[in-house]
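Read through the structure below, which is laid out as structure tokens, and then see the notes.
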Amino acid sequence: MARSNKVTSFVIIFNTAAITVILHPYDLIHSKAFFSSYIVYLGGHSHGPDPSPSDLVTATNSHYDLLASVLGSYEKAEEAIVYSYNKHINGFAAMLEEEEASEIAKKRNAVSVFLSEEHKLHTTRSWEFLGLEKDGIIPPDSAWKKARFGENTIIANIDSGILPIIKSAAGRLIGD
């Protein structure tokens, strides 16, 4: 299916109860594709642990090149890529159709391609245990504030293997 070069026009209306996205009627009628966020993992980088700025640009360009080979143009690849992992891991996140993700997965240098999913934590008190909140309020010296509320932070792995003897995993409040 051809990817449209036309930019989708939309308006976001903020309300305390909800956020509403209103799409232009043309976009609703003529949109045939369903895009989802996919993570494409390409293995390690050739540049090593201390990349130069040009190494980072080269890695990002290689992501555009790979995606362009599936989408048909570099410009479409630039539109689709949401984030390029170009320093520690080699890969990118992109808005793709399922068929496009399948095509990328067939490429020789693609280690894995998977749908990006949201996962909910299985605990009710982690924020207090970690000192990020106290009674639902963020203290002035909280790590949340020091870390700008996780801005530009990627969590690559969450190990949910827990022992009930650990204070934060006792689960006394689960289900409340």
Side-chain angles (χ1 to χ4, degrees), residues 1-12 19 21-24 26-123 126-127 130 132 143-144 146-163 169:
M1 176 179 302
R3 183 183 290 270
S4 170
N5 285 333
K6 190 174 76 56
V7 175
T8 301
S9 57
F10 62 92
V11 176
I12 299 177
I19 297 176
V21 177
I22 302 171
L23 294 173
H24 188 275
Y26 179 88
D27 299 323
L28 292 174
I29 295 167
H30 294 90
S31 177
K32 296 177 183 168
F34 179 72
F35 297 97
S36 297
S37 178
Y38 285 87
I39 307 295
V40 178
Y41 177 58
L42 303 170
H45 283 293
S46 59
H47 60 55
D50 295 314
S52 69
S54 70
D55 289 333
L56 301 178
V57 170
T58 300
T60 299
N61 288 338
S62 73
H63 300 159
Y64 290 131
D65 291 338
L66 173 64
L67 190 54
S69 73
V70 171
L71 300 183
S73 78
Y74 197 86
E75 292 76 22
K76 289 179 183 178
E78 285 182 314
E79 286 178 18
I81 289 183
V82 177
Y83 190 82
S84 180
Y85 302 98
N86 61 7
K87 190 170 184 180
H88 301 292
I89 64 171
N90 186 10
F92 58 89
M95 297 302 292
L96 303 169
E97 294 178 11
E98 186 176 352
E99 296 81 17
E100 294 166 340
S102 294
E103 284 301 309
I104 294 168
K106 294 174 187 174
K107 297 288 184 180
R108 178 184 52 80
N109 53 340
V111 174
S112 64
V113 178
F114 53 93
L115 190 61
S116 180
E117 298 177 297
E118 180 179 334
H119 297 277
K120 296 197 181 229
L121 296 176
H122 298 284
T123 183
S126 292
W127 308 126
L130 295 172
L132 302 175
W144 269 135
K146 291 177 185 174
R148 297 184 322 220
F149 297 92
E151 184 178 313
N152 294 323
T153 300
I154 298 171
I155 299 173
N157 187 3
I158 298 175
D159 181 357
S160 63
I162 59 170
L163 296 171

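Scored by the side chain to side chain donor-acceptor pair (under 3.5 Å) test, N61 finds Y74 as partners (sequence neighbours excluded). H88 is linked by a ring-ring contact (aromatic ring centres under 6.0 Å, His included) to nothing, counting only residues two or more places apart in sequence or in another chain. Every residue was checked against the side chain to side chain donor-acceptor pair (under 3.5 Å) condition with K87, not counting sequence neighbours, and none meets it.
With a 6.0 Å radius and a threshold of 12 heavy atoms from other residues, nucleotides or ligands, E98 has its CD atom at or below the threshold.
Residue pairs meeting the ring pair (Phe, Tyr, Trp, His ring centres under 6.0 Å) criterion with at least one member in residues 91-113, sequence neighbours excluded, are H63-F92. For residues 34-43, there are no side-chain hydrogen bond (donor to acceptor under 3.5 Å, both in side chains) pairs, not counting sequence neighbours.
To the nearest 0.5 Å, atoms CG (L66) and CG (L42) are separated by 6.0 Å. Here CZ of F35 is found 4.5 Å from CD of E97. Values are rounded to the nearest 0.5 Å. Remark: L67 CG to E100 CD distance equals 7.5 Å, nearest 0.5 Å. Between the CG atom of L96 and the OG atom of S116 there is a distance of 11.5 Å, given to the nearest 0.5 Å.
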Would you list the atom pairs, donor with acceptor, under 3.5 Å between side chains in residues 51-60 and any protein atom, with sequence neighbours excluded?
{"from": "S52", "atom 1": "OG", "to": "S54", "atom 2": "N", "distance (Å)": "3.4"}
{"from": "S52", "atom 1": "OG", "to": "S54", "atom 2": "OG", "distance (Å)": "3.1"}
{"from": "S52", "atom 1": "OG", "to": "D55", "atom 2": "N", "distance (Å)": "3.2"}
{"from": "S52", "atom 1": "OG", "to": "D55", "atom 2": "OD2", "distance (Å)": "3.2"}
{"from": "D55", "atom 1": "OD2", "to": "S52", "atom 2": "N", "distance (Å)": "2.9"}
{"from": "T58", "atom 1": "OG1", "to": "S54", "atom 2": "O", "distance (Å)": "2.9"}
{"from": "T60", "atom 1": "OG1", "to": "L56", "atom 2": "O", "distance (Å)": "3.1"}
{"from": "T60", "atom 1": "OG1", "to": "S84", "atom 2": "OG", "distance (Å)": "3.3"}
{"from": "T60", "atom 1": "OG1", "to": "N86", "atom 2": "ND2", "distance (Å)": "2.8"}

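Using a 4.0 Å cut-off between a side-chain N of Lys or Arg and a carboxylate O of Asp or Glu, E103 and K106 qualify as a salt bridge.
Minimum interatomic distance between A68 and A77 (heavy atoms only, all atoms of both residues): N-CB, 3.7 Å.
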